[in-house]
Amino acid sequence: MAVTRSQYNPDYAVSPGAVLKERLEVLDISQAEFARRCGRSAKLISEIISGKAPLEPETVLQFEKVLGVDASIWSGIETNYQIHRARKLDAENAAAHLEWAKSFPVRELIKRKYIQRPDSEADTVLKLLQFFGVGSVDAWHIRYNSANVSWFRSASSTSNEAVLTTWLRLGELEAELQDCKDYNQGHFIKSMEEIRKLTREPIDKALQQASLLCNQAGVALALIHPFPNTVLSGAAWWYSPRKAVIQLNALHKSDDHLWLSFFHEAAHIILHSKRRVFVDETKGELSQLEFEANDWALRSLVSKSLWQKFLAEHPKHADAIKKFAEIQGIAPGIVVGMMQREGNLPRSRLNQLKVHYQ
């Protein structure tokens, strides 16, 4: 779901000192006389008018009594002025991080309506910080940098880290919207059998039901389309100790890739550390943990003994695959995908048994 925040940020702000000076001129009151009426020093009034001293709560109450202008109005003028000054300084600081911003897929975020089109390069930095929900570039590095986040990726990965963190942030925003019960491992494992049956249903209906089952077990299911030139397959991570996230990307838009990725990421949630962010890619060397996740996913779909028996019969024609899939209660496209991944079937064969979607 796209998230945009509209806000009005004028490029000017009237200082309380300028308002006070104008008011005194209208009333024909000198600064010295006004200071005496307030019981404050002439120096303080001069510094307020010049912008060197802020308006304190006690001062605005004195202004209210002497000038008849409500204290809340003076406080509002002061607050708006200070926020304007802070925004200006924030923009100046942002200008020092233009190179950092260039590594992110800003155009794609604009296209997907997660951020509004920036007014300048410095504004790009500010909008990215707002998108990531952090107050500064230093804070972004603390939260997202690989030195601080326990990534688990292929050693041969070539994916841009800024793009990966952007994609994961989209999953985080989606996970925030999903109302999940506290994570229950037993409940989640039990739900796998129901989700396995859903693989034969239309994709949209199946994903809706799978998401509901996951939410009831404490897992958010986020389908986030990939960014151009990425090789992501999926990810598994923990939003909080009570809420896990399975993030899929619909890269190939086929049912076999979708469901095999889902069960693979579910394996990471069930088998592996909560402290790691597992980012799985379609290319790269597999670690031991990835092999474990693959094996768990495949065995959750078809028992090892039945699978080996099936393969021993050399079932390389559509009818045999459809019959086996029906007996197992899974989609035939998944069987084709499993055979292709294990090298038992060329990747160009029997793809018509897969269900493709947008």
Both conditions, 6.0 Å and 45 degrees, for the charged tip of Arg112 above the ring of Phe227: are they met here?
yes

Should Leu212 and Met192 be counted in the same cluster of Ile, Leu, Val, Met, Phe, Trp and Tyr side chains packed under 4.5 Å apart?
no

Inspect the contact between Arg196 and Glu193 and indicate whether a charged nitrogen and a carboxylate oxygen are less than 4.0 angstrom apart.
yes

For the atom pair NE2 (His187) and NZ (Lys181), what is the distance rounded to the nearest 0.5 Å?
6.5 Å

Is the shortest side-chain N to carboxylate O distance from Lys309 to Glu313 below 4.0 Å?
no

Checking side chain to side chain donor-acceptor pair (under 3.5 Å) for the pair Asn294/His264: CA distance, chi angles, key distance, verdict?
CA-CA 6 Å; Asn294 271 346; His264 179 96; 2.8 Å; yes

Under 3.5 Å, is there a donor on one side chain and an acceptor on the other for Asp138 and Ser136?
no

d(Asp256 CG, Leu353 CG) to nearest 0.5 Å is 10.5 Å

Quick one about Gln247 and Trp237 (side-chain donor to acceptor, distance below 3.5 Å, no hydrogens or angles considered), yes or no?
yes

Do Gln340 and Asn351 have side-chain atoms, one donor and one acceptor, less than 3.5 Å apart?
yes

Exam field: side chain Gln178 to backbone Leu221, donor-acceptor pair closer than 3.5 Å
yes

Does any part of the side chain of Leu168, heavy atoms only, come nearer than 4.5 Å to the side chain of Val277, both counted from C-beta?
yes

For Lys21, I'd like to know if atom NZ has over 12 heavy atoms of other residues, nucleotides or ligands within 6.0 Å.
no

Centroid-to-centroid, Phe131 to Trp140, below 6.0 Å?
no

Inter-residue atom distance Gln62.CD - Leu55.CG, 0.5 Å rounding:
10.5 Å

Is the distance between the ring centroids of Phe63 and Phe34 less than 6.0 Å?
yes

Going by atom types alone, do Trp307 and Glu342 pair a side-chain donor with an acceptor below 3.5 Å?
yes

Mind listing the side-chain donor-acceptor pairs of residues 297-304 below 3.5 Å, one per line with the distance, residues two or more places apart or on another chain?
from	atom 1	to	atom 2	distance (Å)
Arg299	NE	Val302	O	3.3
Arg299	NH1	Asp295	OD1	3.4
Ser300	OG	Trp296	O	2.7
Ser303	OG	Leu306	N	3.4

What distance separates Glu174 CD from Arg169 CZ, expressed to the nearest 0.5 Å?
12.5 Å

